Amino acid sequence: MVNQNLTATEIGFTHEDFAALLDKYDYHFSPGDVVPGTVFSIEPRGALIDIGAKTAAYIPIQEMSINRVDSPEEVLQSNETREFFILTDENEDGQLTLSIRRIEYMRAWERVRQLQAEDATVRSGVFATNRGGALVRIEGLRGFIPGSHISTRKPKEELVGEELPLKFLEVDEERNRLVLSHRRALVERKMNRLEVGEVVIGTVRGIKPYGAFIDIGGVSGLLHISEISHEHIDTPHSVFNVNDEVKVMIIDLDAERGRISLSTKQLEPEPGDMIKNRDLVYDKAEEMAAKYREQLLAKQQGATAAPAAPADVLAEEDIPPATELEDEIPPAAELEEIPPAAEIEEVTPVVAEIQEEIPAATETEEQIPAAIEE
């Protein structure tokens, strides 16, 4: 017969011991942790996830992917195990809110930083345009192409759906900015087939007070006013008209900035010939370019020679900014819109019954902020 009057000392295991044992195996979770979890139940607007806590955690549909999701089944399957980001602390029912979207954002930023470090060219389709440029997606992040970095004759509104090669201009996770250049990608590809000192034929596509933009095989080069002639010129309009066909010499290729610098001054047999006798300059272009290349080579071979560069080369401050990148570039991610953990309403079910729909942890991106007009 079992003695039912045994003391705690005789049993050797008290209630306090049992509570301590439970505490030993009770995991403590904090916002920002990444933990494994198994899908316990899929609900109409979210899912319950078993992460080893006392109460099943909840992931709202808005936090299931970096992309828009219409149904939880697009992302999760019952009994599936994967990683989850703890978005908020426990509510009054002891339930945590989870996110997959945050993990995808972190990994996306890591990937684009790696691509930028490799100076990689990426391709992406334009999904929207605004007055400042075009919007694309890179690794799920929203990227912005300033209008001045779109090299195409099409109106930018017609670019929606078109895939473009792109280079990275700015990758800044802290400021939530991802800025890309179509022009730079095209220039780099074109530069692989061009050389400094080479004479090319182009078409004047635009004239500004500081110079003329010349289309050479689909990319734009700048013929600065100081490189048109050895004689003083008040304005490029006095020498060129839009759509003029011109012979120019390449004097600089800057792949990092996506710039091609051109010159007709270096092709003049006599100072001022671009103003007095342009046809003579074009006839003698290859001959003058050969002399230029010889001089360039001699400078490069000279022990004390300065790096070859044309006099009066375009000063950095003379070049208009490609775009005013400050302040109004659409953010790459809308994470700043997620309210603090303490402000998220306690509306999730404890086990399987949903009392009301979970509010969006972040706004959808249907309203794209306008980038500034150049």
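Keep in mind the model is a prediction, meaning the values are calculated, not measured.
- Heavy atoms only, all atoms of each residue included: Phe127 and Val160 are closest at O-CG1, 4.0 Å.
- Using modelled atom types, one finds a donor on one side chain and an acceptor on the other under 3.5 Å when comparing Arg205 with Asn243.
- Salt-bridge check for Asp273 with Arg278: failed, with every basic side-chain N at 4.0 Å or more from each acidic carboxylate O.
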- Message: Determine whether Phe144 and Leu178 satisfy the following criterion, side chain to side chain contact (heavy atoms under 4.5 Å, CB included), listing intermediate values before the conclusion.
- Response: CA-CA 6 Å; Phe144 177 65; Leu178 181 59; over 6 Å; no
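- The backbone N or O of Leu169 sits nowhere less than 3.5 Å from a side-chain atom of Arg184 that would complete a donor-acceptor pair.
- Between Ile100 and Leu76, some side-chain heavy-atom pair lies under the 4.5 Å cut-off.
- Listed for the Asp172 side chain is a donor-acceptor partner under 3.5 Å among the backbone atoms of Glu174.
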- Between Leu166 and Thr121, does a side chain to side chain contact (heavy atoms under 4.5 Å, CB included) hold up when you go through it step by step? CA-CA 6 Å; Leu166 302 166; Thr121 298; 6.0 Å; no
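- Using a 4.0 Å cut-off between a side-chain N of Lys or Arg and a carboxylate O of Asp or Glu, Glu287 and Lys284 qualify as a salt bridge.
- In the hydrophobic clustering of this structure, Ile216 does not group with Ile201; members are Ile, Leu, Val, Met, Phe, Trp, Tyr whose side-chain heavy atoms approach within less than 4.5 Å, directly or through other members.
- One finds the CD1 atom of Ile49 at 12.0 Å from the CD1 atom of Ile86 (value rounded to the nearest 0.5 Å).
- Here the closest non-hydrogen pair linking Pro209 and Ile225 is O-CD1, 3.9 Å.
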- From CA spacing to verdict: side chain to side chain contact (heavy atoms under 4.5 Å, CB included), Ile250, Val248: CA-CA 7 Å; Ile250 298 168; Val248 292; over 6 Å; no
- Full working for side chain to side chain contact (heavy atoms under 4.5 Å, CB included) between Arg101 and Gln62: CA-CA 8 Å; Arg101 181 171 176 264; Gln62 294 87 358; over 6 Å; no
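- Annotation: side chain of Val204 is not in contact with side chain of Phe213 (no heavy-atom distance under 4.5 Å).
- The NZ atom of Lys291 lies 12.5 Å from the CZ atom of Arg293; values are rounded to the nearest 0.5 Å.
- A 4.5 Å side-chain heavy-atom check between Gln95 and Thr97 finds every atom pair outside the cut-off.
- Note that CD1 of Ile251 is 5.0 Å distant from OG of Ser263, once rounded to the nearest 0.5 Å.
- Linking Ile, Leu, Val, Met, Phe, Trp and Tyr residues whenever their side-chain heavy atoms come within less than 4.5 Å leaves Leu280 and Met249 in two separate clusters.
- Judged by distance alone, the side chains of Glu268 and Ser229 do bring a donor and an acceptor atom under 3.5 Å apart.
- In this structure, a donor-acceptor pair under 3.5 Å is absent between the side chains of Glu80 and Ser78.
- Considering all non-hydrogen atoms of both residues, Ile59 and Leu98 come closest at CG1-O, 3.5 Å.
- Note: Glu227 CD to Met274 CE = 11.5 Å, rounded to the nearest 0.5 Å.
- The shortest heavy-atom contact between Val242 and Ile207 is N-CD1, 3.9 Å.
- When all heavy atoms of Val75 and Ser65 are compared, the closest pair comes out as CG2-CB, 4.3 Å.
- Residue Glu139 forms a side chain to side chain contact (heavy atoms under 4.5 Å, CB included) with just one option from Arg107, Arg111, Glu104, Gln114, and that option is Arg111.
- Every residue two or more places apart in sequence or in another chain that forms a salt bridge (charged side-chain N to carboxylate O under 4.0 Å, His left out) with Arg123 is listed here: Glu163.
- Using a 4.5 Å heavy-atom cutoff, the side chains of Leu223 and Lys265 are not in contact.
- How far CG of Leu164 is from CZ of Arg183: 14.5 Å, rounded to the nearest 0.5 Å.
- The closest donor-acceptor contact from the side chain of Glu63 to the backbone of Pro60 lies at 3.5 Å or more, if one exists at all.
- The side-chain heavy atoms of Thr235 and Ser238, taken from C-beta on, include a pair separated by under 4.5 Å.
- Taking 4.0 Å as the cut-off between side-chain N and carboxylate O, Lys247 and Glu286 count as a salt-bridged pair.
- Formation of a donor-acceptor pair under 3.5 Å by the Ser99 side chain with backbone atoms of Arg102 is found in this model.
- Glu231 is linked by a side-chain hydrogen bond (donor to acceptor under 3.5 Å, both in side chains) to Lys276, counting only residues two or more places apart in sequence or in another chain.
- Summarising the geometry of Ile51 relative to Ala57, their closest heavy-atom pair is CD1-CB, 4.2 Å, with the distance given to 0.1 Å.
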- Task: Before giving the answer on salt bridge (charged side-chain N to carboxylate O under 4.0 Å, His left out), spell out for Asp119 and Lys167 the whole-Å C-alpha distance, their side-chain angles and the decisive distance to 0.1 Å.
- Result: CA-CA 7 Å; Asp119 195 28; Lys167 283 283 189 180; 3.6 Å; yes
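- Evaluation of the salt bridge (charged side-chain N to carboxylate O under 4.0 Å, His left out) rule for Arg113 yields Glu173 as partners, not counting sequence neighbours.
- Partner of Ile150 under the side chain to side chain contact (heavy atoms under 4.5 Å, CB included) criterion, out of Leu159, Thr129, Val126, Leu180: Leu159 alone.
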- Derivation and outcome, salt bridge (charged side-chain N to carboxylate O under 4.0 Å, His left out), residues Lys154 and Glu162: CA-CA 11 Å; Lys154 290 183 180 180; Glu162 184 169 335; 2.7 Å; yes
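- Residue Glu198 holds its CD atom at 5.5 Å from CG of Leu194, rounded to the nearest 0.5 Å.
- No more than 12 heavy atoms of other residues, nucleotides or ligands sit less than 6.0 Å from atom CD of Glu195.
- Two residues are said to be in side-chain contact when any heavy atoms from C-beta on lie closer than 4.5 Å; Asn79 and Phe40 fail this criterion.
- Residues Tyr292 and Leu297 do not share a hydrophobic cluster, defined by chaining ILVMFWY side chains whose heavy atoms lie under 4.5 Å apart.
- The shortest distance between side-chain heavy atoms of Pro31 and Leu87 does not fall below 4.5 Å.
- Not a single donor-acceptor pair under 3.5 Å links the side chain of Glu188 to the backbone N or O of Ala185.
- Judged purely by atom type and a 3.5 angstrom limit, His182 uses its side chain to pair as donor or acceptor with the backbone of Ser151.
- The shortest distance between side-chain heavy atoms of Leu267 and Tyr282 does not fall below 4.5 Å.
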